[in-house]
Each structure stands twice: as C-alpha cells, then as structure tokens.
Amino acid sequence: MAVMGTRMLRKEDPKLLTGEAKYVDDIHAAGELWMGMVRSTHANARIDSVDVSAALEQPGVVAAYTGADLAEGYWIAPLPCAWPVTPDMLNPPHFPVAVENARYVGDIVAVVLADSRYGANDAIEHVVVMYEDLPAVTTVEVAASGDALAHPDLGTNKAYSWALDPDPDAVQAALDDSVHRVSARFVQQRLIPSAMEPRGVLAIPSPHGGDITLYSSTQVPHILKVMVAATTGIPEHSIRVIAPSVGGGFGAKLNVNADEILAVALANKLKRPIRWTESRSEAAMSTTQGRGQVQYIEIGADADGKLTAIKAHIQADLGAYMQLITPGTPLLGSFLYTGVYACPAFGFVCDGYFTNLTPTDAYRGAGRPEASYAIERGMDLLAAEVGVNPEEIRRRNYAVGGEAFENWESPSGLVFDSGNYRPNLDKALELADIAELRAEQTRRREAGDSVQLGIGMCTYVEICGLAPSRALGDLGYAAGGWEHATVRMLPTGMIEVVSGSTPHGQGHETSWAMIVADKMGIDPAHVTVLHSDTALSPLGLDTYGSRSLAVGGVAIAMATDKLIEKAKAIVAHQLEASPDDIVLDEGNLMVAGSPDTATPIQSVGFAAFSAHDLPEGMEPNLQEQVSFDPPNFAFPFGTHVAVVEVDTNTGGVDLIDYIAVDDCGNQVNPLIVEGQVHGGIVQGVAQALWECAEYDDHGTPLNPSLMDYLVPSPTEVPSMTVDSTVTPSTTNPLGVKGVGEAGTIGSAAAAINAVVDALSPYGISDIEMPASPQRLWRLINAAQEGAST
Amino acid sequence: MIPAAFDYAVAESAEQAVSLLGEHGDEAKLMAGGHSLIPMMKFRLATPTMVVDVGRIDDLRYINVGSEVVSIGALTRHAELEHSTALAESCPLLAHVASKVGDPQVRHKGTLGGTLAHADPASDLPAAVLALGGTIVATGPGGVREIAAVDFFTGYFESVLADDEMITEVRVPVSTGGWSFQKFNRRAQDWAIVGVAVAESGKGVSLINMGSIPLRAGAVEAAVAGGASPAEAAALAAEGTSAPSDLNAAADYREHLARVLTERALSAAS
Ligand SMILES: Cc1cc2nc3c(=O)[nH]c(=O)nc-3n(C[C@H](O)[C@H](O)[C@H](O)COP(=O)(O)OP(=O)(O)OC[C@H]3O[C@@H](n4cnc5c(N)ncnc54)[C@H](O)[C@@H]3O)c2cc1C
C-alpha cells in the first residue's frame with residue numbers, strides 16, 4: 001500500500017478542531033499564581049523609581065517585584081542570544097526585568113503575582129514607575145545616523161557589520177562596466193507574527209524534589225530546556241519542558257523569552273506554580289517581530305540583460321535587544337540576494353543596528369523573504385530597463401540556463417542541491433494564462449479603465465533543511481542542525497516514533513506516520529508519534545527553518561530502515577535463511593521468491609520483545625535511533641504569479657488571482673504541502689498589502705491590536721491555484737526539500753510586482769509595502785501632477 | 001485585554017433595565033450584543049462597575065412593516081436585518097447595510113439599538129438610519145420619547161441619550177426608491193474608512209467616518225434636489241465635514257474618498 005504522496009487527512013485535526021487538544025492556557029496546576037507584567041510605556045528611559053507597594057495591597061496579590069528585587073538570586077545570566085555573528089558584536093545584557101533603563105515600549109519593569117489573571121491585571125495598574133525620558137531611536141535609519149542612541153552606554157547603535165563580500169572591488173568594477181544598471185532602496189517593514197495561539201507559560205515546581213516542569217507555547221522545547229538551565233542555573237537534568245498543542249509560531253516562538261525565565265525562576269523560588277498568557281496587545285509589543293530592514297540593491301547587466309554583478313547592502317533593525325537569533329536572522333538571506341540566477345560578481349553587507357523598538361527575530365522565512373523580495377523586485381526593474389518582459393529577463397539569467405541541474409555552486413558560494421527552473425516558470429505562466437492576462441491588461445490600458453490590471457511574478461529559491469551543523473558553526477551559531485528520531489515496534493506490532501522535531505500546526509503526526517508506514521508497508525493508523533516533551537523525546541532541535549521533514553523526517557526514515565534491517569535478521573533466523581535473502585513486501589517479510597514464508601513485519605515486535613529465539617548475540621527489542629546531520633541544505637524553488645486590480649480612483653488593491661507552482665522535491669502528503677503554501681502565500685501577501693507595525697516618533701506602538709493591525713482573513717484572498725513540479729533533493733535519501741516558508745518567500749514580491757505593473761503606465765516603478773490604498777492614491781496623484789506640469 | 005472588575009445583572013425588560021440604570025447612575029452600562037462594549041472594557045477604555053445585560057429581552061427583537069413605517073425592536077441583531085425578506089422589500093438599504101457590518105459573528109451578536117447608542121461615527125447602520133430619516137425611540141424613567149436620527153448624535157461616541165435611558169425601538173420610513181451603500185475598507189471585516197449611504201435617489205445622503213458623528217451630506221442632498229448630476233453633486237461631498245486622520249487615511253484622502261464614493265452611490269441610486 002503506497003502511502004507516500006497520498007492526500008491523507010491529518011491525524012491531528014479531529015483533536016484540534018473539536019477542542020480536545022490542550023494548549024498551555026488550558027493546563028492548570030493547584031495553587032498556581034498569575035504573573036502580571038508592568039511594561040514600560042516609554043521607548044527609551046531611565047527608570048528613576050518603581051513603587052510596588054500599592055499593588056501589594058490589592059486583593060489576591062501575593063508578591064510584586066521590581067527589576068532590582070530580582071537582580072540577585074534569580075538568574076545567573078541574561079537572556080540568551082545564540083548567534084553572535086561576529087566576534088566583536090555588541091550585545092548589551094538583557095534581563096527579564098529591566099533594572100536601570102527601559103529600552104522599548106513593552107520592556108518589563110515590574111512583575112506582580114496574584115491568585116488570578118484578573119487580579120494580576122488589576123494590580124499592575126497600581127505599580128508606580130517614574131521614568132526619565134531619553135531620546136528614542138525609532139527607525140533603523142535614525143539608528144544609522146547616530147542622532148540618538150538606543151543604548152547610550154554603548155556609544156553606538158551599530159551592533160555589528162557582517163559581510164559576504166570576498167572581492168568588493170571586483171563587484172564595483174563589474175557594476176561600473178555594466179551596460180544596464182538599476183539600483184533600488186526597499187523597506188521591509190516590521191511585522192507582528194500574530195500566531196492564532198498567543199504565547200503562554202506555566203512553570204510547575206516539585207517542592208521537595210527540586211525538579212521543575214515548564215509548559216510553554218514554544219517551537220523549541222529542547223533548546224529552551226538547555227537555555228533555562230544556562231540562564232537560571234537550575235541543573236539541566238532537573239528541568240522538563242513540554243510544548244503541548246501549539247497554535248502556530250512562525251518563528252516568534254523560536255525564542256527564550258523573559259516570561260519563560262521569569263516563570264521558572266519565580267516558581268523555583270516560591271515553590272508555587274507560576275503562569276502567564278500574553279494578551280494580544282502584549283504580544284504585539286513584546287513578542288519578537290519580523291523583518292525590519294532597509295535594503296539597498298544594485299544590479300548590473302550586459303546588453304542582453306545578463307547579470308554582471310549584484311551588490312546588496314542592508315540595514316537591519318534589531319530592536320532593543322538581541323533575542324535568541326536576532327543578529328543572524330537577516331543573514332539567513334545573505335546567500336539568496338542572487339536568487340535563482342547566475343551572476344559572476346556578488347557582494348553582501350549587513351549592518352545591524354539597535355533601535356528602541358521591540359526586538360526582531362525569525363519570522364516565517366527569516367531573512368529569505370527579504371532577500372527574495374529585493375532580487376525579484378530588482379529583476380523587474382532590470383526587465384524594464386532592458387526593455388523585455390519579466391519572464392524573459394528571468395529566463396535569460398537562470399542558473400544553468402534554466403536546465404535541470406544537481407549541485408550547482410551559486411554566486412554566494414552555497415551549493416544548490418538541485419533545480420530545474422525553466423519548466424517551473426513555464427508551468428506557472430501557462431496556468432496563469434499569461435497571454436490572456438496581458439491582452440486584458442492592454443484592453444484596459446487602452447480604454448483608460450479606472451480599474452487597471454497588474455500581473456506580477458516571482459521566481460524564488462530558498463534555503464531549507466536547516467542545517468548542516470558545520471555550516472552553522474561557520475556562521476557562528478551556537479548549536480547544531482541535526483535532528484533525532486527513535487522508531488520502536490511495540491510487542492503488539494504497533495509503532496511508536498519519537499521525534500525531536502516539534503510541531504505547532506504542520507501536521508508532523510501525519511507525515512511521520514506516513515513515512516514509517518510507507519517504508520514498512522503497514523497502516524499509518526498503526527503509527528503514533530511522540531514529541532514536544534523533553535522527557536519523552538530527550539534529544540531534538542525542534543521546528544523552524546523548514547527543517548522538520550528534510551532533517552527530522554529523514555532521521556525517521558533512516559531509523560525505520562535500521563529497524564527493518566533488524567526485523568529482517570530476526571525473521572531470517574526464524575526461517576533459517578540468510579538476512580540478505582529476506583525481502584519486505586507489503587508489510588510481509590519473506591525469503592525472496594517464497595511467498596509461503598511470508599511473516600508480517602508487525603509480528604516481529606513480539607519476537608523481539610519475548611526474545612525467546614533471537615539470533616546469537618542480538619539485543620532484545622525493536623528500537624532504533626538516528627541523529628541525522630544533513631550534508632547540505634535543501635533549496636526549494638518555485639514561481640508565483642499574482643494578479644491584482646487597482647482602482648485608480650481610490651487606490652484600492654484587489655488580489656483577484658494567485659498561481660503558485662512550488663518545487664519542494666518529493667512530497668510526502670500533497671494536502672499538507674498545499675496547506676503550507678496557502679498559508680504562506682497569504683502571510684507574504686499580507687506584508688505586501690496590509691500588515692505593518694507602526695510606531696510614532698516616540699517609539700509608541702500605534703496599532704498593537706488586531707483591530708488596527710491588519711491580518712487578512714479569507715475574504716481578502718482569492719481561491720488560489722497551487723501546483724508543483726518535482727525535482728528531488730540530492731541532500732537526503734527521501735529527496736525532500738521543505739515547504740514551510742516557501743509561500744511567504746515568493747508572495748510579497750509577486751504581489752508588489754503586480755501592483756507596480758498595474759501602475760506602470762503612470763510611470764510608477766516602485767511602491768513601498770504595505771501598498772495601502774492611501775499610499776497608492778498619493779503616488780497616482782503625484783504621477784498625474786507630474787504629468788500635467 | 002483583561003477588563004476591570006464589574007457587577008452584572010440581567011434585565012428581563014426595558015423597564016427593569018431603566019430602573020437598574022437609575023440605581024447605579026453613570027457607573028452602569030447596558031450591554032446588548034456586547035460587541036462594542038466588551039472590546040472597550042478589555043482595552044479598559046470603558047470601566048463600568050455594573051453591566052446590565054439587556055441582550056435577552058427577546059420582546060425587543062422584531063421587524064414590523066407598516067404601510068409607511070418599519071418599526072424595529074432595539075435588540076434586533078444585524079443578521080436578522082440582513083436576512084429579513086420583509087425588510088428587503090420595504091427598506092432594502094437597511095437590510096443591505098446590515099449585511100456589510102463586520103463579519104458573521106459580529107452580525108449575529110450586534111444589535112441595532114447597540115450600534116446607534118454606541119454612536120461611533122465609523123459605524124454603518126447609524127448612517128443608514130440617518131440617510132433614511134429614521135427615528136429613535138428611547139425609554140426612560142419618565143416614559144418614552146422619540147428622537148429624530150438627525151438630532152440624536154452629538155459627538156464622538158456621544159448622543160442625546162440620558163444615562164438612564166434605553167433605546168427600545170428604531171423606526172425608518174418604508175423606502176424603496178433608488179438606494180446605494182458604498183463602503184470602502186481594507187479588509188471585509190473592518191469598519192469603513194469612508195462610507196456613503198444614499199436613500200431615495202439622493203434625497204437622503206449620509207457619510208460614515210467623515211466627522212465626529214455620522215453626517216448628513218446636506219450640500220449633496222441640496223444639489224441633487226436642484227437637479228445636479230451625480231458628479232456635480234458628489235463634488236460637494238466633503239463640504240461641512242471634519243474628517244479624522246488615522247493610520248488608514250489622512251483627512252484629505254478621506255475627503256477624496258467621500259467624493260468618489262458619493263458619485264458611485266448617486267449613480268447607482270439614480
Ligand atoms: C470585530 C468587529 C468588527 C466590527 N465591524 C463593524 C463594522 O464593520 N461596522 C459597524 O458598524 N460596526 C462594526 N462592529 C460593531 C458592531 O456592529 C457592534 O455590535 C455594534 O456597534 C454595537 O452593538 P452591540 O449590540 O454589540 O452593543 P453593545 O456592545 O452591547 O453596546 C454598545 C454601547 O451601546 C450601549 N447600548 C447597547 N444597547 C443599548 C440600548 N438598547 N439602549 C441604550 N444603550 C445601549 C451600551 O451601553 C454600550 O455603551 C464591529 C464589532 C466587532 C467586534
């Protein structure tokens with residue numbers, strides 16, 4: 001029974017859809033106390049005094065702490081940053097509760113513990129904090145100017161400068177010699193990740209045993225466990241971290257947060273369970289944000305439009321502090337500023353700056369959507385400059401002429417595992433019926449229709465399967481990139497998979513069961529997956545960077561192979577045959593060519609468990625484990641086409657069609673692939689058209705609620721056409737690449753290219769994101785005024 | 001996003017609600033659908049110490065179509081207006097506007113009385129009632145009074161309603177002449193950045209989110225009455241308005257939208 005590649009419904013859905021699944025906020029412990037966070041209302045200020053005495057008088061309040069109260073005896077190190085990207089990177093100490101200075105609106109300045117959530121939230125209003133305002137750095141460009149200092153004691157806002165720029169003179173010379181040159185400045189606005197489930201924690205101490213269990217709505221229970229130990233000083237083997245059902249993360253739960261450390265430290269001290277769930281407004285201010293860059297890109301080409309050089313310089317808005325992977329996030333894109341193209345000269349520099357805004361960190365795609373946006377917007381600018389259409393400029397520049405390839409060394413030095421770009425583009429253009437779209441566009445232009453049509457495309461590539469541990473080491477990242485899996489057959493023949501990969505919506509329980517069932521030829525319903533609890537699954541590196549399948553799933557496949565080998569040896573012993581002669585066919589082990597010897601593989605579980613008759617020297621039980629460290633990344637790619645209508649009277653944009661042809665290598669479950677692509681597209685289009693974390697000149701957030709921060713709903717997006725090509729990865733035995741971030745990486749550029757295309761008759765060549773109606777209206781106005789003067 | 005503490009009482013009738021309001025003074029708030037009040041309480045922009053739940057007074061959920069007037073109980077849900085065939089036949093503008101409020105959940109909870117009492121200049125149904133020349137019926141300790149919709153709104157989230165009064169009924173004329181509703185927003189579930197409601201081919205024109213209260217576009221109405229074309233009349237749409245500026249739109253953009261949408265609405269309604 002072939003299971004791989006089928007559209008199996010997700011095993012986890014009934015539990016998630018009926019409310020049976022338990023999220024952190026659903027889990028309670030007797031005697032628990034709620035934390036209420038007093039958060040700075042100032043973006044940059046000296047804290048003159050914090051008075052918690054009135055809060056302590058409030059009903060139900062048990063304790064209240066200032067930063068100074070917690071400075072000794074609660075933690076042994078500041079909140080961790082795992083990615084010092086340069087040896088001299090500046091990293092001001094970041095403690096869960098600010099002591100002398102508050103560095104962004106949302107920075108915690110005091111904590112109140114009460115016996116209810118309501119009590120805690122009432123009491124925090126009685127904490128009196130006196131601030132002395134300092135000038136706030138509210139944009140990365142102000143940070144770069146140095147006009148104000150986010151951390152005055154550092155004397156600079158620049159945290160680091162990182163380059164992938166082996167020969168800057170050659171890049172400049174190539175640009176200078178180019179026939180065609182385009183340059184652009186793009187702004188990647190800050191985004192608020194907005195997972196369906198807000199973050200939450202519950203730390204439960206064992207008063208006599210000294211152990212502590214931390215429930216957290218996290219993507220990374222394994223990493224969190226190590227970091228809790230390193231930060232609080234509680235011995236690592238006394239800590240258990242559980243991520244129960246987790247309702248989305250998008251990178252914002254790939255962190256070690258103040259609230260997590262506070263909960264553990266206070267629970268450990270008071271020997272009472274401590275809990276907290278963020279409100280949406282807290283989430284918008286204090287959970288890490290995404291993007292936040294100003295990008296400068298210069299592109300050179302010869303007379304035919306063939307790339308000669310690409311130079312990218314970005315200013316990254318790190319926010320007020322380094323969170324877990326803040327500094328490295330923009331660099332994950334560094335290798336992709338040349339996209340899917342051959343380009344003889346390439347240089348990239350990233351300057352990271354502190355601002356007095358919420359820290360930034362990974363957000364779906366992490367660095368790669370930004371890179372993809374810059375090069376794919378840039379290719380459209382180049383197409384206009386050369387005078388060819390967008391697909392033509394891409395065809396002329398594809399790696400290996402757009403032919404199928406394996407192991408191509410890209411301009412950034414990374415070796416792309418496999419690709420086949422031209423057929424992928426062709427398929428997307430055919431599905432979109434590009435000729436008919438262009439004809440309709442022409443009709444409207446000629447008729448002077450007030451509603452113009454725009455067609456935008458993006459041919460992206462991304463880096464998935466994070467990551468070869470050595471490569472991470474070279475980049476200065478503190479951890480490895482392997483993943484662990486254990487596969488065991490129980491005495492009754494049922495299978496337990498233990499995965500170090502931590503799902504938060506991706507459907508791991510289904511995909512992992514499919515991989516195992518397919519290999520063994522058994523029913524996927526006979527496979528269960530254990531995960532997300534460091535006691536059940538002690539080894540793991542969790543879920544981010546589209547790594548689960550390409551690393552964790554591969555580990556499971558490899559462990560399954562080992563288990564099958566052992567089962568074969570047992571059956572060979574029983575049949576007095578050679579293990580080499582045993583084959584596995586539809587769930588039965590047998591001597592090749594002798595169907596009468598068929599033994600269901602699931603019956604071997606009992607033989608291994610009873611151990612009455614195993615080969616000489618063989619250990620009982622059927623359980624195998626693998627830690628898989630991938631030899632390379634995987635490089636999925638694809639073509640997205642967005643079709644928009646722009647109402648030139650109002651500036652309103654309507655996304656009317658969207659076609660995506662993604663290539664993520666072999667697919668375990670196309671239904672899950674499509675789900676990932678759908679969601680990813682909407683998230684990327686959201687950046688293009690709607691979302692933006694806005695701040696005023698003082699660094700105060702202007703839209704920290706879902707009323708004003710425009711997360712799109714299904715009514716804003718059309719029914720999408722999602723298809724694929726399949727170019728297996730050479731990085732792993734399953735030939736899989738990863739698809740979690742693909743949609744987001746391709747869609748913002750496609751959408752903006754479409755809006756710009758619609759307005760190109762006005763001479764408009766760029767539009768800052770989000771392309772809001774007001775912004776478009778002003779651009780159209782300015783263009784018309786320009787034309788009439 | 002956690003409201004402050006409050007007491008809660010369920011009123012079985014308008015009279016009981018009014019007497020509870022009298023008892024608790026301006027510390028008390030009525031709650032109908034709760035879809036404006038509860039968000040305000042969660043943001044702690046409203047901190048009533050007593051919430052009087054009128055949401056269960058089913059006697060005030062009705063749509064009665066007379067020969068000239070449609071009378072609607074204050075607790076009628078937006079969704080009930082949206083799906084009423086009687087209303088679609090007698091006053092299609094109101095039914096249509098109800099279908100454009102928020103999302104289905106909002107429309108199944110929000111009430112006509114609630115949205116009028118809330119007096120948010122960005123809300124849809126108040127503008128429709130205004131364009132139709134409707135009347136608001138309020139019950140207070142001294143009995144019942146009728147207030148013309150044009151006299152009802154006094155300021156941002158403010159109306160002539162006294163602290164101890166409750167809206168019990170809303171009356172709109174039977175209106176089957178040309179109508180149109182133009183709502184411009186960025187997501188379907190959102191409030192209008194600007195909206196325009198036109199009743200009776202332009203006899204009644206009202207504007208959403210163009211000032212501190214829902215506005216009648218007097219200059220437009222006069223121009224239409226004087227025989228102006230939709231384009232000519234719409235050019236006057238921003239006259240007498242004081243559009244707010246926010247993240248979605250500055251005042252000048254709102255004024256522009258008001259003109260564009262008014263022209264569309266007048267054209268559609270003529
Ligand atoms: C997500 C969301 C989207 C929305 N989108 C829109 C939109 O697009 N357009 C739009 O117009 N509205 C929108 N709304 C608001 C919605 O229509 C509200 O339901 C409505 O504004 C208030 O009605 P309610 O019955 O819920 O009032 P409540 O919230 O119960 O009360 C609102 C106020 O009116 C008072 N009140 C209630 N009933 C009476 C009464 N009978 N007499 C006197 N005072 C009373 C209350 O004391 C309170 O001050 C949205 C709301 C939400 C939550």
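We name chains A, B, ... by the order of the sequence lines, and we start the count at 1 in each one.
- Within the 4.5 angstrom heavy-atom criterion, only side-chain atoms of A/Arg778, from C-beta onward, approach chain B.
- Residue contact with chain A, scored on non-hydrogen atoms closer than 4.5 Å, is absent for B/Pro39.
- In this structure, chain B has heavy atoms under 4.5 Å from both the backbone and the side chain of A/Ser772.
- Contact of A/Leu706 with chain B is made through the backbone alone, with heavy-atom distances under 4.5 Å.
- Within 6.0 Å of NE2 on A/His698 lie no more than 12 heavy atoms contributed by other residues, nucleotides or ligands.
- Across A/Thr715 and B/Ala188, no two heavy atoms sit closer than the pair OG1-CB, 3.5 Å.
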Test A/Gln774 against B/Ile193 for side-chain contact (heavy atoms from CB on, under 4.5 Å), laying out the working first.
CA-CA 10 Å; A/Gln774 174 169 249; B/Ile193 294 173; over 6 Å; no
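- The contact between A/Pro770 and chain B is made entirely by side chain atoms (from C-beta outward), counting heavy-atom distances below 4.5 Å.
- Options B/Leu257, B/Ile2, B/Val260 differ in how many heavy-atom pairs under 4.5 Å they form with chain A, and the most are formed by B/Ile2.
- Among all heavy-atom pairs drawn from B/Arg186 and A/Leu689, the shortest one is NH2-O, 3.0 Å.
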Can B/Asp246 and A/Asp708 be said to form a side-chain contact (heavy atoms from CB on, under 4.5 Å), step by step?
CA-CA 10 Å; B/Asp246 57 27; A/Asp708 297 314; over 6 Å; no
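- For chain A, the nearby part of B/Asp190 is the side chain; its heavy atoms alone come within less than 4.5 Å.
- Between A/Gly652 and B/Phe184 the shortest heavy-atom distance is CA-CZ, 4.1 Å.
- Interface remark: of the candidates A/Glu282, A/Arg280, A/Arg117, A/Arg117 forms the most heavy-atom pairs closer than 4.5 Å to chain B.
- With respect to chain A, the highest number of heavy-atom pairs below 4.5 Å among B/Arg259, B/His256, B/Gln189 belongs to B/His256.
- For B/Lys183, the NZ atom sits in a packed shell: over 12 heavy atoms of surrounding residues, nucleotides or ligands are nearer than 6.0 Å.
- Proximity to chain A (any heavy atom under 4.5 Å) is restricted, for B/Arg44, to the side chain, taken from C-beta onward.
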side-chain contact (heavy atoms from CB on, under 4.5 Å) between B/Asp252 and A/Trp777, worked out:
CA-CA 11 Å; B/Asp252 63 334; A/Trp777 176 68; 4.1 Å; yes
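- Side-chain atoms of B/Arg187 and A/Ser713, non-hydrogen and from C-beta on, never get closer than 4.5 Å to each other.
- Considering all non-hydrogen atoms of both residues, A/Tyr118 and B/Pro3 come closest at CD2-O, 3.6 Å.
- Annotation: B/Glu23, atom CD; neighbour count of heavy atoms from other residues, nucleotides and ligands within 6.0 Å is above 12.
- Atoms CD and CG, from B/Glu263 and A/Asn649 in turn, are 8.0 Å apart once rounded to the nearest 0.5 Å.
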Could you go through the side-chain contact (heavy atoms from CB on, under 4.5 Å) check for B/Gln182 and A/Thr650 one step at a time?
CA-CA 12 Å; B/Gln182 301 288 328; A/Thr650 60; over 6 Å; no
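- Using a 4.5 Å cut-off between heavy atoms, A/Pro712 touches chain B through its backbone atoms (N, CA, C, O) alone.
- In this structure, the portion of A/Asp647 lying under 4.5 Å from any heavy atom of chain B is its side chain and not its backbone.
- Within the 4.5 angstrom heavy-atom criterion, atoms from both the backbone and the side chain of A/Trp690 approach chain B.
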